[in-house]
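Residues: numbered from 1 along the sequence shown.
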Amino acid sequence: MTTTASFTVESPRGPRTVSVAYERSGSGEPLLLLHGIGHHRQAWDPVISVLAVERDVIAVDLPGFGASPALPADVPYDLTTVAPLLGAFCEAIGVDRPHVAGNSLGGLLALELGREKLARSVTALSPAGFWTDGERRYAFGTLRAMRLAAESMPLPLIERLSRSATGRTVLTSTIYARPGRRSPEAAVSETLALRRATGFHQTLALGRDVRFTDDVPDLPVTVAWGDRDRLLLRRQGIRAKHTLPGARLVRLPGCGHVPMNDDPALVARVILDTSR
């Protein structure tokens with residue numbers, strides 16, 4: 001069941017109200033799940049039932065994505081704003097320093113929450129921020145092309161493509177190594193989520209100069225990378241390990257950029273092992 005939490009954040013023009021949609025399930029220590037750009041909280045559906053056996057799982061739609069409304073006009077979509085905003089969200093729902101797992105943009109945010117001591121542990125799956133300029137341009141160009149394709153396809157075409165493994169490959173193979181495993185309903189909903197994401201262009205624009213260059217000491221950190229990631233190439237994981245020397249670097253065989261769908265059991269195990 002989707003719930004919305006509203007809370008106040010500061011902006012250059014004074015306090016502003018922000019709302020975040022989320023789903024919560026399970027019991028145990030809190031675990032916050034953060035999706036990537038253009039996606040929504042349902043990206044985590046393949047692993048939530050396993051995680052919820054041992055964790056109080058909170059899967060959020062980041063502001064301007066999924067069911068969460070856009071940020072107020074004077075609240076930017078940058079790392080130094082959105083990470084503290086997620087800390088305020090946790091406070092609003094009564095959660096103190098959750099374990100955090102994130103994918104892509106969500107992985108970068110998870111690391112920032114760890115750096116700011118707002119997390120108990122961090123699992124970053126193909127996190128953004130460890131790219132070269134050329135790799136970033138390639139990734140951002142690919143994302144813009146995906147957005148344009150999602151905007152240009154009429155809904156009946158999206159639905160028709162979703163009904164076959166070949167069609168789901170057309171819709172989602174950039175982010176999944178095994179797109180045929182995605183359900184037709186999920187392929188449609190995430191294509192529409194990409195099309196409707198109000199925070200997409202501002203997040204990309206403010207991400208041009210983002211690099212994650214600080215260590216995250218004194219808490220468990222895992223960086224995991226799919227060896228078939230076509231968006232953020234796996235060599236970026238080596239750079240992440242140099243930046244985060246105390247982190248565990250894990251290879252996800254047969255997984256693409258969004259590995260939760262490609263190998264749910266492996267991804268759930270990596271997250272749970274990190275958060276013990």
Side-chain angles (χ1 to χ4, degrees), residues 1-9 17-71 82-114 116-125 127 182-183 185-186 189-190 192-193 196-199 219-220 222 224 258-261 264-265 267-276:
M1 179 178 173
T2 305
T3 307
T4 300
S6 297
F7 50 94
T8 300
V9 299
T17 299
V18 172
S19 296
V20 171
Y22 67 100
E23 292 186 357
R24 193 168 186 173
S25 59
S27 61
E29 294 186 352
L31 170 62
L32 183 68
L33 302 179
L34 306 174
H35 62 77
I37 187 171
H39 225 308
H40 54 180
R41 67 184 183 278
Q42 288 87 344
W44 297 96
D45 282 355
V47 299
I48 282 180
S49 62
V50 177
L51 297 174
V53 174
E54 299 186 39
R55 297 286 178 268
D56 172 14
V57 179
I58 304 145
V60 307
D61 281 326
L62 294 172
F65 299 94
S68 291
L71 288 173
V82 177
L85 184 153
L86 290 169
F89 161 76
C90 288
E91 185 177 349
I93 64 171
V95 169
D96 180 37
R97 290 185 69 238
H99 301 285
V100 185
N103 173 225
S104 195
L105 168 64
L108 173 63
L109 289 167
L111 289 167
E112 181 68 8
L113 287 168
E116 293 293 331
K117 310 302 182 188
L118 296 172
R120 304 182 196 191
S121 71
V122 171
T123 306
L125 309 173
R182 205 69 175 137
S183 73
E185 297 78 15
S189 68
E190 64 194 12
L192 296 179
R196 297 167 178 166
T198 56
L219 76 161
T222 295
V258 182
M260 300 84 81
N261 180 74
V267 171
R269 185 166 75 245
V270 168
I271 293 171
L272 290 172
D273 286 348
T274 307
S275 63
R276 297 201 190 282

* Asked: Rounded to the nearest 0.5 Å, how far apart are OG1 of Thr8 and CG of Leu85?
  -> 10.5 Å
* **Gap separating the CD1 atom of Ile58 from the CG atom of Leu34, nearest 0.5 angstrom** => 10.0 Å
* Structure fact -> Value for CG (Leu113) from CG (Leu32), rounded to nearest 0.5 Å, stands at 7.0 Å
* Asked: Which word best sums up how the rings of Phe7 and Phe89 line up, parallel for under 30°, tilted for 30 to 60°, or perpendicular for over 60°?
  -> tilted
* **Pair Leu71-Val9, side chain to side chain contact (heavy atoms under 4.5 Å, CB included): steps then yes or no** => CA-CA 10 Å; Leu71 288 173; Val9 299; over 6 Å; no
* What heavy-atom pair brings Pro264 and Val47 nearest, and what distance separates the two atoms? -> O-CG1, 3.5 Å
* Asked: About how many Å separate CD1 of Ile271 and CE of Met260, when rounded to the nearest 0.5 Å?
  -> 7.5 Å
* Are more than 12 heavy atoms from other residues, nucleotides or ligands located less than 6.0 Å from atom CD of Glu116? -> yes
* To do: Could you tell me whether the side chain of Leu86 reaches within less than 4.5 Å of the side chain of Val100, counting heavy atoms only?
  => no
* Structure fact -> For Leu31 and Pro98 the tightest heavy-atom approach is N-CB, 4.5 Å
* Asked: Looking at side-chain heavy atoms only, is the closest gap between Thr274 and Val122 below 4.5 Å?
  -> no
* Asked: Just by modelled atom types, is the Asp61 backbone N or O under 3.5 Å from a matching donor or acceptor in the Ser68 side chain?
  -> yes
* Asked: When rounded to the nearest 0.5 angstrom, what distance separates CD in Glu190 from NE2 in His39?
  -> 4.0 Å
* Asked: Are side-chain heavy atoms of Pro259 and Asn103 found at a separation under 4.5 Å?
  -> yes
* Name of the residue among His99, Arg55, Arg120 meeting side chain to side chain donor-acceptor pair (under 3.5 Å) with Ser275 -> Arg55
* Does the side chain to side chain contact (heavy atoms under 4.5 Å, CB included) test come out yes or no for Val258 and Arg182, once each step is laid out? -> CA-CA 11 Å; Val258 182; Arg182 205 69 175 137; over 6 Å; no
* Structure fact -> In short, Arg97 meets Ala119 closest at the heavy-atom pair NH2-O, 2.7 Å
* Val20 and Pro63: which non-hydrogen atoms are nearest, and at how many Å? -> CG2-CG, 4.2 Å
* Asked: Do you know the tightest heavy-atom contact between Ile93 and Ala5?
  -> CG2-CB, 3.8 Å
* Looking only at non-hydrogen atoms, find the nearest pair between Gly107 and Pro127 and report the distance. => C-CB, 3.8 Å
* If you measure from CG on Leu118 to SG on Cys90, what distance do you get to the nearest 0.5 Å? -> 8.0 Å
* Do the non-hydrogen side-chain atoms of His35 and Leu105 ever get within less than 4.5 Å of each other? -> no
